[in-house]
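All figures in this text were calculated on a predicted structure; none of them were measured in a lab. Atoms within each ligand, like the ligands themselves, are counted from 1 in listed order.
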Amino acid sequence: MKTSTKNQTNSKKRPRLVLVGLPASPGYAMGHCHTISNREVTVVEETLPNERLAQEEQLFLKALHNTIKEIAQIKQITVDRLGIDEGRIFDAHLMILKDPTLVNGILDQIKKEKKNVQWAVHTQITALISSFESHKSALMRDRAMDLKDLYHRLMGALDDSGPVIMEDEISKGAVLISHELTPSILISLKKGQVLAFATDSGGRTSHVSILARSMEIPAVSGLRNISAMVESEDTIIVDGTGGMVIINPNEDDIRKFEEKLEVFNRQQRELFTMRQLEPMTRDGKYITLHSNIELVIEADKVLDYGSTGVGLYRSEFLFFRKGLPTFEEQVAAYKYILESLAPHSVTIRTLDAGGDKLIPDISAANESNPFMGWRSIRVCLEHEDLFEMQLKALLVANTKGNLRILLPMISSMQELRRSKEHIEKCRKELESEGVFCHDVELGVMIEVPAAVMLVDKLAKEVDFFSIGTNDLIQFTLAVDRTNELISSMFQPHHPAVLNMIHKTVMAAHREGISVAVCGEMSADPMSSLLLVGLGVDELSMTPWSIMECKKIIRSINFEDVRETAQNVLKMDDTESVNAYLKKKYSQTITDLGVSCFISTPESNED
Ligand code: PEP
Ligand code: MG
């Protein structure tokens with residue numbers, strides 16, 4: 001983190017500070033700080049006489065009941081405002097509150113150890129928080145935030161002082177500042193009430209960052225100690241695109257912010273006018289641009305944002321809830337996406353559970369290497385009923401014939417062949433029941449080095465490849481994609497990775513099948529040029545990146561980027577690749593007004 005105390009002063013004589021963190025959600029905002037200090041709770045341990053225990057027990061049960069009611073209401077607001085999938089975030093809260101181990105643990109401390117209710121709640125929940133916080137998985141560490149939220153709500157309910165934050169407390173135009181922010185706080189706010197947020201901690205995978213992007217609120221996380229540095233009513237500029245904030249900006253900062261905001265808004269408007277233009281290079285090479293979606297309702301914006309289909313629907317997001325989705329629920333979800341986008345193609349990936357996507361009723365707990373553990377296609381091939389239910393739901397939902405099925409994490413021919421047998425079996429069973437099944441193209445994710453070594457053989461048995469660079473980089477370079485300590489080693493432009501992509505493209509094209517890239521790399525401007533040069537046919541990314549990518553593709557010559565890719569493939573280290581790309585394309589990228597987050601991170605600096 002970089003700080004600067006130059007040009008001190010604003011009208012309140014508070015110091016100007018520039019803090020650099022992680023870009024959690026793009027966009028710019030300026031407003032006044034509204035700090036949310038999670039309530040300071042002083043808990044005293046008391047040992048009570050027997051006659052007080054029933055009263056303490058009742059107090060707890062009433063607080064529990066009220067908190068469950070409160071969360072259920074927040075969940076409903078979330079569902080109304082953002083859709084069913086976002087609402088499911090609160091199922092985890094409700095599950096924790098109804099967990100008999102936790103509830104009985106608290107009641108036992110009251111009844112058997114004769115402790116006061118605040119002490120019982122405090123000791124039980126803080127113990128759980130510590131165990132979540134020390135968990136290896138970033139996802140589980142994120143769950144500690146959910147627990148803290150619940151802790152404060154329960155404590156508030158016990159002293160009848162209500163939830164930690166009431167939306168009425170926040171005046172319009174506020175920027176929320178907090179050590180950490182919970183989804184329930186963000187979601188309980190009215191649309192437009194909060195301009196942005198900035199937090200000490202948090203990462204891109206936390207639910208709150210996911211929600212910020214869904215709600216299109218600019219956000220910066222990982223600022224380490226912003227919550228200790230600001231005072232309520234300090235003015236703050238949030239640059240969610242660059243991952244930076246300025247507290248108590250001077251006139252020059254405000255002028256620059258206004259310019260940036262104007263440019264950003266103009267670019268968004270200009271980008272929007274490009275929605276209908278073809279993603280074609282200047283010398284006439286068409287690149288398919290598809291969207292990655294996680295939520296069913298995102299299907300509504302896929303075409304609006306200028307892509308021509310879905311390249312990756314991460315179907316596991318449908319399973320992040322208490323109790324698995326039924327066959328009917330799955331059919332309804334897949335059908336909604338498929339029919340909203342017909343006749344455009346929709347690639348639905350079969351369940352990719354595990355790793356950092358733990359699904360309560362499926363995933364194994366406490367694996368020491370979850371990314372390399374019991375996950376993805378391995379789980380499906382073992383849980384045949386679960387797999388076949390999903391495959392049948394997909395085939396039934398495919399009424400318009402625009403479905404493509406994508407199998408994740410394939411690492412052997414046997415996994416592919418066994419999956420195909422399941423698909424065939426499902427098709428036959430459905431047809432014997434009189435259900436018509438359209439032909440469906442089948443693809444595999446190329447995201448494990450073993451699959452790259454088998455691409456020639458895989459290409460003969462599938463209709464398309466989709467390269468999952470997030471996992472391919474992780475497994476090729478042995479760099480955990482969720483570990484911030486080694487994030488600089490997660491290098492998409494590492495020669496080993498680029499040669500793997502090249503090998504995959506060559507094998508696919510020899511067999512006449514197409515290759516997509518659906519990892520985060522495809523949304524980075526510099527990387528997208530390289531991927532096009534390497535011969536990738538399709539780039540799939542978050543919907544809002546599509547228009548920017550279209551702009552880049554329309555500004556380049558395929559022959560030029562192809563030559564660039566050939567030169568890059570001869571290089572033997574990432575630094576040379578990045579330096580070469582930067583020399584060749586950074587001017588073009590600057591002129592286009594797009595920012596890179598992989599190869600030239602310094603371009604994001606002020
Ligand atoms: C990938 O691994 O690149 C990918 C697209 O899948 P996920 O990020 O869901 O693992
Ligand atoms: Mg993956």
N/O of Asn470 under 3.5 Å from N/O of ligand 1, yes or no? yes
I'd like to know if the side chain of Ser345 reaches the main chain of Asn402, judged simply by a donor and an acceptor atom lying under 3.5 Å from each other, with no hydrogens or angles considered. no
With a 3.5 Å distance limit and no angle check, can you tell me whether Asn398 reaches the backbone of Leu394 through a side-chain donor-acceptor pair? no
Please could you name the atoms of ligand 1 that Glu447 approaches to less than 4.0 Å, counting only its heavy atoms? 1 (C), 2 (O)
Where is the nearest protein heavy atom to atom 10 (O) of ligand 1: which residue, which atom, and how far? Arg481 NH1, 2.9 Å
Hey, which N, O or S atom on Glu447 ends up closest to the Mg ion (ligand 2)? OE1
Indicate, as side chain, backbone, both or neither, the part of Arg349 found under 4.0 angstrom from ligand 1 when only non-hydrogen atoms are considered. side chain
Side chains of Lys335 and Thr399 only: does a donor on one sit below 3.5 Å from an acceptor on the other? no
Considering the heavy atoms of Cys518, write down every atom of ligand 1 situated less than 4.0 Å from one of them. 5 (C)
Could you tell me if Thr350 and Gln390 have a donor-acceptor pair between their side chains, going purely by distance under 3.5 Å? no
Think Arg404 forms a cation-pi with Phe464, using NZ or CZ under 6.0 Å from the six-ring centre and within 45 degrees of its axis? yes
Check ion pair Glu421-Arg418 (N to O, under 4.0 angstrom): no
Looking at Gly468, which atoms of ligand 1 are within less than 4.0 Å of one of its heavy atoms? 1 (C), 2 (O), 3 (O)
Using a strict 4.0 Å cut-off to heavy atoms of Leu312, name the atoms of ligand 1 that fall inside it. 5 (C)
Tell me which N, O or S atom from Asp471 is the closest to the Mg ion (ligand 2). OD2
Can you tell me which portion of Leu472 lies within the under-4.0 Å heavy-atom range of ligand 1? Options are side chain, backbone, both, or neither. neither
Tightest non-hydrogen contact, residues Val532 and Leu539, listed as CG2-CD1, 4.2 Å
Relative to ligand 1, is Glu520 under 4.0 angstrom through side chain, backbone, both or neither, heavy atoms considered? neither
Tell me yes or no: between the side chains of His493 and Ser527, is some donor less than 3.5 Å from an acceptor? yes
List every atom of ligand 1 that sits less than 4.0 Å from any heavy atom of Arg314, numbering the atoms from 1 in the order shown and giving each element. 4 (C), 5 (C), 6 (O), 7 (P), 8 (O), 9 (O)
